[in-house]
Amino acid sequence: MPPSPLPSTSLPLGHPLPLDEHACSVSLPTWSSVVGYEEGSTEVTEKLACGYPRFVYHPYVLRLMDTALKMDEEFTGKDASSFDCLVLPTRKSALRCHDFLAKACGYFDGQAVSPRLADFGDGVSSNAVRQIIGDSRIKLFSEDNSIDQTIEDVEILYNAESPLRVIDMKAANLHAVIFPAQTVFAIEAKSYWQHTGEVVSSRKAEIALAQLGLGSTSSNSEDNHILKRVTTSFHNDADDWKICKYTKEPYLAFYPSEDESSNDGININPFTGIKDRIASVVNTPSSSVFLTASGMSSIYTALRSARRHNIQKREEASNCVGGIGGTSVVFGFPYLDTLKMCSRPELVPGGVEFFGHGNDSDLQNLEQMLKERSKKNRNGDAGVSVLITEYPSNPLLNCPNLQKLRSLADEYGFAVVVDDTIGNFANVDLIENGMADAVCTSLTKLFNGRGDAMAGSVVTNPNTKMGRWMQEDLELNHSDNEGLWIADATAIFKNSEDFLERSSKINVTSEALADWLNDREEVATVYYPKFTDKEGYNSVMKRNDYGGKHKAGYGGLMSIILHPHICQRTFYDEINVSKGPSLGTDFSLSCPYTLLAHYHELNFAMSYDVQPNLIRFAIGLEDIDELKDKFDYALKKSKLHPKLPRVEMPTSQIRGYCSGNTSSTLTSSVRRPSLPFNFHSFGMRSSSKPFFYTRELSTDATRKPITAAPVDFRCVGSLGSRFSQKNKFGIQHAARF
């Protein structure tokens, strides 16, 4: 049976993309719906059937959280409503999350920082939480998050008297971290889930619920329909709908949540199959390929490996700058969570140096920084463990000078980790030419294509000294495919059978569309590797046609800026393609990227040329003429007036962009704290600092206003599963405020 049809048009707000229980995107079809999503408007969030899994908890995951809290209540006798939790895919990831929360919330040294997010003032719930927290000092499971400890003793793992507890759920290897509800623990827990990518997939969550015996309904109305289906309300007359054996309602899931005993009829282990397929494209042994639960977790895995190398190296040295595990460097403006992950001292104690433009000036600044740092150490070590960059970058499609970065890495002894998700390893060669020590890829995107499963990969480079060390290191420290569930691997293995053919077609269509848009008078700028750095990209473009299956190209992602006489909001509303987060799907997908990723830090994004009115397109398998017709229609519908002659204006007179009315929950109280990372901009360190906002929140039960602690929008996710209402689909809105 072929997969159900993929979306080729704009769909109503909240519609899963694709229509599947395990969809990794959701329709945000209008500019106002994106703004509403970011501001937490119930008019938007109530209609979301699902969301991107790192930002929105799936209904199955939320049900697991409730189950974990009930387990904890049985063990401790403490009211489950006073606690919240985060479910993690493996024991090791749960221990890492536990230590992250202890450090982030000040319980590592016994000096808790703002342990309560809010005080209800009712004298009951607030006192109860204070009694739970007390003045505890929480013992860490490991000295550093890059070094895992094997904890088998249940009494050590689960301390009922601690504010933080790790509980083995006895299903699908899942573990949960329990913490006091309505505290900063919830904020930081969501940050860990979002930034590290160590997430529980919807398939794994569904199987865990079945293993726990939670699949059947009961007379208790609270337990009825516990497997709340994402797709039921979108039922149509297609033949491939299934009937849920628990709820008796129709639902759609092309690749089901099979248990470990079933590989869905395939004759090969899907983990092995994926590794072999990637290895054949990248031209490495399959032993160089390591799988993870998501694309972000692949970067986190490579980061931890590079930090372990630095720790090992520093055991033989002393008086080194950079802190334990060394400093990380982020080169070029990256996808938001890469920088935020590296800026967390709980994950990278040595801090991060951010070179956000990724241009020649930043290269000079980087080299100067390395020279200065190396002079401080007797052995000449610059104290840098890893440099992370994207090729090309998201969303500006810039291409950093990999040759120069490779030279600096060899000279100063740090790892070069490249996220090639946008370019993809069928188009660009970063392994055989030795440019990267490790290549990280979100397999959720083009490799999978269908947008219905999450995974990531790390490919270590057998051609570089650091790459060989990282392979040996991951062979020792990387286990169980880092939480990737077998049913997700099965879906990705099957979906990726035609990866090369799909990539080739998308290359051709995207280049033709980019050329066409570049010639349109309505379009001011097209960000696409062919235009941003054709020479640099061509220098690493692959020449292998894989037996005629693939022709390398510039990839399927592009971003555009429209001229002022074109209304970008109307254009986005009118363009008849799927609209929502993610990329790399077989169907074209669009979003106003800056608003979706940097809504509360627009000034920060603008300082690196990422404009608020930027619209990003991930091109799919549609015919080029069909796409041109859709773009032509939207451009004509959004024309405000004839194009006016260009007028040069002094920079001092240029006004900032406003995405709409500022939310009434944001106050004018703004302070600017010191940065967790250093900016390197325009030949010198910039004094720019991101904003901290103070806002009022409402509880999901009483709706009483809560005076919240200042929230740093660079690194905060949602306020956790108990801080806002679930909508009719059982979805907890988890957008960054």
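Here the structure is a predicted model, which is why all the values come from computation and not from measurement. Quick note: residue numbers are just sequence positions, from 1.
- Here the side chain of Thr292 pairs a donor or acceptor atom with the backbone of Ser294 at under 3.5 angstrom.
- For Trp193 (side chain) and Leu88 (main-chain N/O), no donor-acceptor pair under 3.5 Å exists by modelled atom type.
- Below 30°, between 30° and 60°, or above 60°: for Phe425 and Phe447 the angle between ring planes is above 60°, a perpendicular geometry.
- Between Ser286 and Arg277, the side chains place no donor N or O within less than 3.5 Å of an acceptor N or O (distance only, hydrogens not considered).
- Look at Glu367 and Lys404 and you find a salt bridge, because one of the NZ, NE, NH1 or NH2 atoms lies within 4.0 Å of a carboxylate O, short of that distance.
- For Arg308 and Asp473, the salt-bridge test passes: some basic side-chain N is under 4.0 Å from an acidic carboxylate O.
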*asked:* Working note: Val386 + Thr327, criterion side-chain contact (heavy atoms from CB on, under 4.5 Å); need CA distance, chi angles, decisive distance, verdict.
replied: CA-CA 7 Å; Val386 61; Thr327 297; over 6 Å; no
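- Counting only distance, with no hydrogens or angles, the side chain of Asn463 and the backbone of Ile431 share a donor-acceptor pair below 3.5 Å.
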*Between Glu601 and Lys340, is a salt bridge (charged side-chain N to carboxylate O under 4.0 Å, His left out) present by the stated rule, with each step listed?*
CA-CA 13 Å; Glu601 50 186 18; Lys340 293 178 180 181; 3.8 Å; yes
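- Lys371 and Ser374 form no side-chain donor-acceptor contact under 3.5 Å, judged by distance and modelled atom types alone.
- The distance between the ring centers of Phe331 and Tyr391 does not fall below 6.0 angstrom.
- Side-chain atoms of Thr338 never come within 3.5 Å of backbone atoms of Pro334 as a donor-acceptor pair (strictly under, hydrogens ignored).
- The backbone N or O of Asn448 lies less than 3.5 Å from no partner atom in the side chain of Ser496, so there is not a single donor-acceptor pair.
- In this structure, a donor-acceptor pair under 3.5 Å is absent between the side chains of Ser361 and Asn359.
- Residues Phe617 and Tyr593 place their aromatic rings such that the two centres sit no closer than 6.0 Å.
- Side-chain atoms of Arg616 and Asn394 include a donor-acceptor pair closer than 3.5 Å.
- By the 30° and 60° cut-offs, the orientation of the rings of Tyr52 relative to Phe55 is tilted.
- At most 12 heavy atoms of other shown residues, nucleotides or ligands fall within 6.0 angstrom of atom CD in Glu143.
- The residues Asp148 and Arg304 are annotated as salt-bridged, a charged nitrogen and a carboxylate oxygen being separated by less than 4.0 angstrom.
- Judged by the 6.0 Å and 45° rule, Lys530 forms no cation-pi pair with Tyr537.
- To the nearest 0.5 angstrom, Ser503 atom OG is 4.0 Å from Asn424 atom CG.
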*Yes or no on side-chain contact (heavy atoms from CB on, under 4.5 Å) for Val289 and Ile274, after CA distance, side-chain angles and deciding distance?*
CA-CA 9 Å; Val289 182; Ile274 292 173; 6.0 Å; no
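- Proximity of a side-chain donor or acceptor of Ser25 to a complementary backbone N or O of Pro581 within less than 3.5 Å is detected.
- The closest side-chain donor-acceptor pair between Asn398 and Thr532, if any, does not fall under 3.5 angstrom.
- A salt bridge does not link Lys92 to Glu198: none of the charged side-chain nitrogens sits closer than 4.0 Å to a carboxylate oxygen.
- Although no hydrogens or angles enter the test, the distance criterion places a donor-acceptor pair under 3.5 Å between the side chain of Asn507 and the main chain of Gly555.
- Between the side chain of Asp99 and the main chain of Ser142, a donor-acceptor pair closer than 3.5 Å is present.
- Using a 3.5 Å distance cut-off with no hydrogens or angles, the side chains of Tyr572 and Asn613 do not pair a donor with an acceptor.
- Looking only at distances, no side-chain donor or acceptor of Lys275 sits under 3.5 Å from a matching main-chain atom of Pro285.
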*Determine, stepwise, if the pair Asp144 / Arg307 fulfils salt bridge (charged side-chain N to carboxylate O under 4.0 Å, His left out).*
CA-CA 10 Å; Asp144 187 88; Arg307 294 189 61 249; 2.7 Å; yes
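- A distance of 9.0 Å separates CE in Met435 from CG in Asn401, rounded to the nearest 0.5 Å.
- The backbone N or O of Val439 sits nowhere less than 3.5 Å from a side-chain atom of Asp420 that would complete a donor-acceptor pair.
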*Take Glu482 and Ser297 through the side-chain contact (heavy atoms from CB on, under 4.5 Å) test and state the conclusion after the steps.*
CA-CA 8 Å; Glu482 289 300 300; Ser297 64; 5.8 Å; no
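- Between the side chains of Gln368 and Gln364, no donor-acceptor pair is found at a separation under 3.5 Å.
- No side-chain donor from either of His357 and Asp362 sits under 3.5 Å from a side-chain acceptor of the other.
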